[in-house]
Amino acid sequence: MSKKPNILLVYTGGTIGMIKDYKTNALKAFDFSQIVEKIPELQQLNCKITSVSFDEPIDSSNMNTKYYADVVEIIEENYLNYDGFVVLTGSDTMSYTSSAISFMFENLQKPIIFTGSQLPIGDLRTDAKENLITSIEIACANNNGVPIISEVCLYFEYKLYRANRTTKISSEQFEAFTSMNFPPLAESGVHLKFNESLIYQPKNKEKNLIVRKELVDEVVILKLFPGISKLVVESILNIPNLKGVVLETYGSGNGPNSENFIFLLKKAIDKGIKIINVTQCKSGRVMMGHYDTSLLLREIGVINGKDITTESAIAKLMYLLNEYLSIEDFKKTFEMSLRGELTDKYHF
Ligand code: ASP
């Protein structure tokens, strides 16, 4: 990379690209092709920036698998012509979207940095400028032409995270995201400090980029709570064509060990539904068999989500269900780290 890095900004929607209509006080999307005029500071960056925008930018609450595929397609079509990608989405579902995109690309060798903001770009106290400028700097960062980042990340409020480890934790604070089970990959202070030992290093540079655009959306997240009724569990597990469940359990992966509950789960597993055990705790991991209340889950074939987030688990489920793996291979593949989304003995 002797020339200036070429960065593609992909705007899907969200607060970052909005301005206030002072007549109505409502936020509305602005013409993103004017991004450099709106943030003249971008001209000071030592890179060439091009931007593309969804025809109709969306609030990230409207995000879905079709839009995931649109983002993937934009990056795929431009992959060879750009050195890095910065994807702007609303923060509300950014962890879901960026986790999904991390699975939809395999053998990635360029940075894809997701960012957004809590306040619109035109707001006096906006966090948008710093988030955007530093994300672009990260997408440009290289060592003798080799990109420092070659994975899907999320940058917000001075921290760069592995995207599929993140969760949105605040609708109010600028520090809107956290990654409880994995440290930040970089921190921005006076200097931009990369934690190079944690950053994914592509092992085989000869491998071609694999792009997946099909995901299975016949999935559900089932969060346990004391008193959850048999009717609720039964109704959810009997949704027609249901293929996968992210089961949010207590603590280190525990759930009721009543006969009814275990019977319903076992019946679903026997029908071919994949059930993933993730913890409701914000940090820590599932350890099936550690307590009596998770032993039976393991015995009936519930899959161990280890320390994966719910956002990443649902994305991984949507991706792996489309791979048509045998029951054994599905379990084995889910329980290993594919993009650094969970901690296991294999290094991804
Ligand atoms: N509701 C907005 C969205 O997620 C909030 C944001 O942009 O951060 O699209």
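One-based numbering, in listed order, for ligands and for the atoms of each. These numbers were taken from a predicted model, which means no experiment stands behind them.
- At under 3.5 Å, a nitrogen or oxygen of D92, whether backbone or side chain, sits near a nitrogen or oxygen of ligand 1.
- The protein heavy atom nearest to atom 5 (C) of ligand 1 is T15 OG1, 3.4 Å.
- Atom 4 (O) of ligand 1 has S60 OG, 2.5 Å as its closest protein atom, hydrogens excluded (heavy atom only).
- Considering backbone and side-chain N/O of S61, none are found under 3.5 Å from N/O of ligand 1.
- Distances shorter than 4.0 angstrom occur between a heavy atom of S117 and an atom of ligand 1.
- Partners of Y158 by side chain to side chain contact (heavy atoms under 4.5 Å, CB included), not counting sequence neighbours, listed by chain and number: E130, Y155, S188.
- Within the 4.5 Å cutoff, no side-chain heavy atoms of N6 are placed close to those of N81.
- Taking CE from M287 and CZ from R298, the interatomic distance works out to 12.0 Å, rounded to the nearest 0.5 Å.
- Residues that satisfy the ring pair (Phe, Tyr, Trp, His ring centres under 6.0 Å) test with Y96, not counting sequence neighbours, are absent from this structure.
- Counting protein heavy atoms only, atom 8 (O) of ligand 1 is closest to S91 OG, 2.5 Å.
- Using a 4.0 Å cut-off between charged side-chain N and carboxylate O, E311 and K168 make no salt bridge.
- With ligand atoms numbered from 1 in the order given, ligand 1 contributes 7 (O), 9 (O) to contacts under 4.0 Å with heavy atoms of G14.
- Taking the six-membered ring for Trp and thresholds of 30 and 60 degrees, F334 and F330 have nearly parallel ring planes, at less than 30 degrees apart.
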